[in-house]
Amino acid sequence: MELDSLRKLVTVKPWTQITAGGVPDEEPQPMFNAWDDHSGEALDPTQVRQARQVEMEYINRRGVWRRVPRSLAIQNGRKVIQTRWIDVNKGDSVAPNYRSRLVAKEFNTGAQDGLFAATPPLEALRLLISKAATAQTEGETRKSVMLNDVARAFFEAPMTRTVCVDLPAEAHAEGEEDMVGLLLLSLYGTRDAAANFQAEVRKFMVTAGFEQSTFSPQVYHFKGLGGVSTLVHGDDFVSCGDRRALDWLNEQLRKRFEIKTHLVGMGKDELREHRILGRIVRATSRGWEYEADPRHAEVMIQALRLESANGVKTPGEDPKAWQEEENGEPLTESEARAYRGLAARANYLAQDRAYICYAAKECCRGMAAPTRGDQRAIRRLTRYLISVPRVVWYFALQPPQSAICVYSDSDWASCRRTARSTSGGVAMIGSHCLKAYSVTQKFVTLSSGEAELMALVKATAEAIGLCQLAEGWKDSLEADVYVDSSAAIAVTARKGNGRLRHVRIGHMWVQELAENEDVRFCKVRGEANPADLCTKHLVSTKILELTPLVSQYPKQGEADSRLRLGTIGCPGRVGRDLPTRATWGSMETHQGTAPQRLCHVQ
């Protein structure tokens with residue numbers, strides 16, 4: 001009763017604690033909880049406060065905004081945009097790296113010019129690693145790869161519009177609660193922030209002597225000092241060149257931006273391994289290695305509670321006829337939401353694992369209206385990741401190449417429900433794999449030859465795109481497309497539709513490319529076509545036979561620079577059943593091996 005009476009008489013702040021004697025304690029910090037905005041894991045409140053304080057100190061030092069009264073902003077017709085904190089642990093539970101960002105919540109309210117900000121394709125990073133593994137002359141010093149991470153990149157770009165934002169509680173001084181911030185520099189979350197920073201990057205790179213690629217505006221090349229090839233992905237600069245050239249670029253970047261630099265290579269003071277654009281890149285005495293973040297597979301295994309399950313030998317299997325009725329049963333709303341998250345993660349992981357491209361694509365086809373059959377398929381794929389949780393792309397040291405080779409294949413009417421075919425492809429430069437893809441064709445085809453023609457058209461577009469990407473780094477490469485269908489190659493060698501009157505004219509542009517010799521269309525034996533990995537569910541022996549052709553191998557153990565899951569991590573089951581290298585074939589045996597070709601048909 002005495003304590004209740006005191007609560008009525010004393011005005012108590014929300015965080016004040018009342019002791020039994022009725023005397024308030026000294027004011028502690030307000031009750032505060034924070035969660036990782038990416039993973040949902042609980043974060044240490046103390047470290048989050050410190051990260052936010054660091055961000056506010058940087059904002060004040062750079063002068064990101066100017067304080068103006070809210071009434072003045074409204075009087076001038078300015079809409080005040082709300083803000084919020086984004087708290088993320090960019091490290092892991094063992095080595096935490098807390099980052100807090102103040103972001104504006106500006107929503108897309110309609111079309112607006114000048115907001116586009118290009119992003120380089122993932123194959124640009126692999127092509128850059130391939131350049132690092134390519135020696136122009138015998139005895140040439142090995143190239144290194146440099147990552148420059150710009151700290152708080154968007155604050156480096158001036159604001160081009162008049163925008164006001166709500167100030168966070170950390171920015172309010174006593175008596176200034178009704179002030180808002182008039183942005184002078186770009187703030188995360190504003191619609192044009194990325195475009196503004198990209199314009200600053202272009203201005204800096206051109207001033208430094210770089211030439212911007214027309215095909216991909218985030219690709220730059222510097223001719224001096226032996227050449228420097230650079231791609232810009234968001235606030236990350238990834239460059240390839242010899243050490244002298246990279247040191248020069250690092251100094252230029254340091255003069256303009258606040259950066260963190262990591263050099264990967266075989267030099268005495270260089271890292272042997274580092275995370276670049278969410279992937280692990282490793283330099284070895286025989287070349288370079290590249291692998292996906294293993295946490296994606298671990299999250300899928302843990303989400304489906306398969307930590308103690310046995311792995312399987314293939315990532316997918318064709319649906320059984322007797323399961324057709326059960327497979328068509330729709331999932332509940334909560335199950336469908338969980339399925340979409342897993343399918344999206346599988347699709348992301350498939351970018352770095354050629355052998356699961358087809359299985360992941362089939363899972364993604366069911367995202368609109370998931371069924372029990374789709375759920376069974378994602379579970380099967382996840383069990384395969386238990387058996388093969390880690391796969392490394394190997395970029396062997398090789399001489400300069402003259403062409404990019406794209407291997408194409410199709411599986412006619414592979415979908416029982418829609419009768420549509422699948423196009424698959426693998427892009428190679430020498431023994432280096434640049435890309436693997438699997439897509440469902442848009443139209444129903446009437447024959448296997450027509451399906452192969454559609455796949456050939458897709459592969460031709462990929463080959464031309466990769467050649468233009470390489471041109472941005474001053475590498476003039478030819479485009480070769482390999483197919484195992486003589487009928488598809490025959491169509492490219494003639495003019496017009498002929499008997500294929502139902503085939504759309506838009507698909508016949510490959511005939512002009514063949515006539516002008518812009519692209520060479522060649523034959524490859526079906527059993528040696530690596531694109532077969534991306535068109536259908538294969539038996540395990542076929543997977544083991546084709547995977548070395550794209551220079552991808554399983555690897556035991558864990559990468560030194562890998563990040564670990566926090567509270568949602570998986571037990572030690574992951575990696576227990578990893579096949580030995582001998583199972584997949586020796587890396588030394590397949591090093592530099594390219595698929596066998598029968599003949600060239602131009």
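Positions are given from 1, in the same order as the sequence printed here.
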One should read off an interatomic distance between Lys361 NZ and Thr535 OG1, to the nearest 0.5 angstrom, of 9.0 Å

Please confirm whether the backbone N or O of Arg126 pairs with a side-chain atom of Ser130, one donor and one acceptor, at under 3.5 Å? no

Verdict with supporting geometry, Leu477 and Ile429, side chain to side chain contact (heavy atoms under 4.5 Å, CB included): CA-CA 9 Å; Leu477 300 172; Ile429 178 169; 3.8 Å; yes

Exam field: side chain Trp473 to backbone Tyr220, donor-acceptor pair closer than 3.5 Å: yes

Just to verify, what does Ala194 make a side-chain contact (heavy atoms from CB on, under 4.5 Å) with, not counting sequence neighbours? Ala117, Phe154

Centre-to-centre under 6.0 Å for Tyr290 and Trp393, is that the case here? yes

Would you find a donor on one side and an acceptor on the other, under 3.5 Å apart, between the side chain of Gln218 and the backbone of Leu231? no

Considering non-hydrogen atoms only, spot the tightest contact between Leu125 and Val238 and give its length. CD1-CG1, 4.1 Å

Verdict with supporting geometry, Leu187 and Val103, side chain to side chain contact (heavy atoms under 4.5 Å, CB included): CA-CA 7 Å; Leu187 182 66; Val103 302; over 6 Å; no

Do Lys131 and Thr134 pass the side chain to side chain contact (heavy atoms under 4.5 Å, CB included) test, and can you show the C-alpha distance, the side-chain angles, and the key distance before you say yes or no? CA-CA 5 Å; Lys131 287 178 66 66; Thr134 301; 5.6 Å; no

Which residues satisfy the salt bridge (Lys or Arg N to Asp or Glu O under 4.0 Å) test with Glu55, sequence neighbours excluded? Arg101, Arg152

Can you check salt bridge (charged side-chain N to carboxylate O under 4.0 Å, His left out) on Glu106 and Arg161, steps first, answer last? CA-CA 13 Å; Glu106 184 177 14; Arg161 298 179 296 137; 3.1 Å; yes

I need the Asp247 CG to Leu263 CG distance, nearest 0.5 Å. 6.5 Å

Has Ser438 got a side-chain atom pairing as donor or acceptor with Cys534's backbone, closer than 3.5 angstrom? yes

Between Cys364 and Asn347 the two heavy atoms that sit nearest each other are SG-CB, 3.4 Å

Can you check whether Trp85 reaches Asp37 side chain to side chain, under 4.5 Å on heavy atoms? no

Chi angles and distances behind the side chain to side chain contact (heavy atoms under 4.5 Å, CB included) call for Glu289, Val281: CA-CA 6 Å; Glu289 295 179 355; Val281 177; over 6 Å; no

Close side-chain approach of Arg254 and Thr261, heavy atoms under 4.5 Å: yes

Answer yes or no: does atom CZ of Arg66 have more than 12 heavy-atom neighbours from other residues, nucleotides or ligands under 6.0 Å? no

Flag side-chain contact, heavy atom, 4.5 Å: Lys458 against Tyr437: yes

Do the ring planes of Tyr482 and Tyr407 sit parallel (below 30°), tilted (30 to 60°) or perpendicular (above 60°)? parallel

So CZ of Phe155 and OH of Tyr188: to nearest 0.5 Å the spacing works out to 6.5 Å

Mind checking whether Arg345 and Val299 have side chains closer than 4.5 Å, heavy atoms only? yes

Give me the atom names and distance for the closest heavy-atom approach of Phe222 to Gly209. CD1-O, 3.4 Å

Measure the spacing between CG of Asp480 and CD1 of Ile404 and express it to the nearest 0.5 Å. 10.0 Å

For Asp149 and Lys260, run salt bridge (charged side-chain N to carboxylate O under 4.0 Å, His left out): C-alpha distance rounded to whole Å, both residues' side-chain angles, the deciding distance at 0.1 Å, then the answer. CA-CA 5 Å; Asp149 181 8; Lys260 294 180 180 178; 6.0 Å; no

Donor-acceptor under 3.5 Å (Ser408 side chain, Ala455 main chain): yes

With a 4.0 Å cut-off on N to O distance, would you call Arg99 and Asp87 a salt bridge? no

Per side chain to side chain contact (heavy atoms under 4.5 Å, CB included), Thr460 is matched among Val406, Leu513, Asp518 by Leu513

Step through the shown structure and confirm whether more than 12 heavy atoms of other residues, nucleotides or ligands are within 6.0 Å of NZ on Lys105. yes

Check whether any side-chain heavy atom of Glu200 sits under 4.5 Å from a side-chain heavy atom of Glu156, and report yes or no. no

When you check the gap from the basic side-chain N to the acidic O, do Asp560 and Arg275 get nearer than 4.0 Å? no

Could you tell me whether the side chain of Ser551 and the main chain of Ser431 form a donor-acceptor pair under 3.5 Å? yes

Using atom types as modelled and distance alone, determine if a side-chain donor or acceptor of Gln212 lies under 3.5 Å from a backbone N or O of Phe210. no

Can you find a side-chain donor-acceptor pair between Thr492 and Gln511 that sits under 3.5 Å? no

Compare all side-chain heavy atoms of Met266 with those of Arg272 and state whether any distance is below 4.5 angstrom. yes

With distance as the sole test, does Asp242 use its side chain to make a donor-acceptor pair with the main-chain N or O of Ala245 at under 3.5 Å? yes

Start with the C-alpha gap between Glu558 and Arg390, add the side-chain angles, then the distance that decides, and say whether salt bridge (charged side-chain N to carboxylate O under 4.0 Å, His left out) holds. CA-CA 8 Å; Glu558 296 181 344; Arg390 185 185 178 199; over 6 Å; no

From Ser229 atom OG to Leu128 atom CG, the distance as rounded to the nearest 0.5 Å: 6.5 Å

Does a side-chain heavy-atom distance below 4.5 Å link Val426 with Leu533? no

How far does CD1 of Ile81 sit from OG1 of Thr83, to the nearest 0.5 angstrom? 10.0 Å

Across all chains, not counting sequence neighbours, the salt bridge (Lys or Arg N to Asp or Glu O under 4.0 Å) partners of Glu512 are none

Taking Ser213 for the side chain and Phe215 for the main chain, is one N or O donor matched with an acceptor at less than 3.5 Å? yes

Can you find a pair of side-chain heavy atoms, one from Ile280 and one from Glu273, that are under 4.5 Å apart? yes

Without swapping roles, check the side chain of Arg279 against the backbone of Leu277 for a donor-acceptor pair under 3.5 Å. yes

Salt-bridge present (Arg282, Glu291; N to O < 4.0 Å): yes

Any chance the side chains of Asn250 and Asn148 put a donor and an acceptor closer than 3.5 Å? yes

Aromatic ring centroids of Phe257 and Phe204 under 6.0 Å? yes

